[in-house]
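Notes follow the structure.
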Amino acid sequence: MSEKYKVGILGATGMVGQRFISLLADHPWFEVVLVAASGRNKGKTYAEAVDGRWKMETPIPDRITNMVLEEVSDVETIAPQVDFVFCAVNMPKDVIRDIEEQYAKAETPVVSNNSAHRWTPDVPMVVPEINPDHYDVIKYQKERLGTTNGFVAVKPNCSIQSYTPALTAWLKFEPTEVIVSTYQAISGAGKNFAEWPEMNGNIIPYIAGEEAKSEKEPLQVWGHVDPATKSIVNKEGIKITSQCIRVPILYGHTATVFVNFKQNPAKEELVQALRDYQGFPQEAELPSAPKQFIQYLEDDDRPQVQKDVNFEHGMGVSIGRLREDSIFDWKFVGLSHNTLRGAAGGGVLSAEALVKKGYLKKKSEL
Ligand SMILES: N[C@@H](CC=O)C(=O)O
C-alpha cells in the first residue's frame, strides 16, 4: 500500500485506546495521525495526558508521545484530517451514539469498540471470521444517515469471543441450548491491579450489563441481513444463559460452557470442525489475521491464561476440555485475549476487512 490510511483514535488515553495505539505503531496500512480524548485533556501532549497510566508492554510510540490531543466531540476539526476513526471512548452510551453518528454524517467512518450502537439495527456488529457478510447492511445505514462514505461499524463484547467462535464452528450440528460462565479479566474494566486493589485475591460475581451481552450478542452475530427490514435479524432456535464473574487476572477471559445439539456429533467431529475453521481474514490474509483462528488443546489442564492467552499474538482462541456431560451433550472451556481479540485487535481486524471489502476508502481517492 503506497500511502497509508490516516487514522484517528477517539478515547486514545484509556486502556483500549492505548492498545489501538500500540497495535497501530507499525501497521502496514494504517497510520495514527490524530489522537482525541475528553475535554480536560484537550491541548495536552499524549504523554502528559497519560502521565504514568500507560499500561502496554511496549513504550508509547515516539511519534505519538508529543502528539497534541484533540477533544473527541470536536467533529468538525477532526473529521477532515482523517480517513476514518477507531472509537474507544468511555462516556454515557447516548453521548457516544450521538458522537459516532456525527462522525458518520461528516463522511468519516467509525470502527467502534463501544457497545452504544450494537443494537442499532442497521449497524453491523462483526467478528471478521464469523459474519463479514453483515457489512452488507452498511448500504441501508448510509441511506438512513444520508451519507456516501460515512457509517458506523462495531465489534461485539469481549466476553463472547471465548466461546462464540467454537459454537460457530459447530453451527452445522445445530446447537440448541448453551449455558456459559465467563471468568473475566480486570483489564476488561479498563483497570490494572494498582488501580483496582480490591481485585487482589478476590472474585466479584457481577459485571454490569455483561450477562445480557453474553446471551444476546452471539445470536446477532449468527443472524443475517434482511433486505425487507434493512436490518440484521437475529438467529432463532438457540437459547443461551450466562453468569459473568470478575476474576483476579490481568488479561484473558475464560469461559466454561455446556451445550446441547439437535444432531449430537462425535468428539472427533467437533474437534476437527474447530481445527478446520477458517474465515475471511485467513482467506484474504489480512495483516492482523491469526493463521489459526481456533486451536484445540488436548491436555486436561489447558487452556490456561498464562500459557495460552497470547496464542496467535492474542488474536487466536483456545479451546480445551471438550468432554461429554451427564446433563448436557458436551462441555468445554474457552479462552481469548480480551483487549486484543476481544477489543482493539478485533477492531483493527475489522477495519482491515472493511478495507479489503471496499467499505473504507482514502478520502483523497473519493
Ligand atoms: N465489558 C467487558 C469488556 C469487554 O469489552 C468487561 O467488563 O470485561
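Each ligand, and each atom within it, is numbered from 1 in the order the structure gives.
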Is the shortest distance from a Lys or Arg side-chain nitrogen in K4 or E31 to a carboxylate oxygen in the other one below 4.0 Å?
no

Would you call the rings of Y277 and F293 parallel, tilted or perpendicular, taking 30° and 60° as the class edges?
tilted

Would you say the ring centroid of W170 lies under 6.0 angstrom from that of F332?
yes

Distance to the ring centre below 6.0 angstrom and angle to the axis at most 45 degrees; does that hold for R323 and F258?
no

Checking N113 against K155: is there a side-chain donor and acceptor pair closer than 3.5 Å?
yes

Table of N or O contacts for ligand 1, cutoff 3.5 Å:
unit_1: ligand 1; atom_1: 1 (N); unit_2: E210; atom_2: OE1; d: 3.0
unit_1: ligand 1; atom_1: 1 (N); unit_2: E210; atom_2: OE2; d: 3.1
unit_1: ligand 1; atom_1: 5 (O); unit_2: N157; atom_2: OD1; d: 3.3
unit_1: ligand 1; atom_1: 5 (O); unit_2: C158; atom_2: N; d: 3.4
unit_1: ligand 1; atom_1: 7 (O); unit_2: G188; atom_2: O; d: 3.3
unit_1: ligand 1; atom_1: 7 (O); unit_2: R246; atom_2: NH1; d: 3.4
unit_1: ligand 1; atom_1: 7 (O); unit_2: R246; atom_2: NH2; d: 2.7
unit_1: ligand 1; atom_1: 8 (O); unit_2: Q184; atom_2: NE2; d: 2.9
unit_1: ligand 1; atom_1: 8 (O); unit_2: R246; atom_2: NH1; d: 2.9
unit_1: ligand 1; atom_1: 8 (O); unit_2: H253; atom_2: NE2; d: 3.1

Taking only residues at least two apart or on different chains, which pairs with a member in residues 40-97 satisfy ring-ring contact (aromatic ring centres under 6.0 Å, His included)?
F20-F86, F30-F84, F84-F86

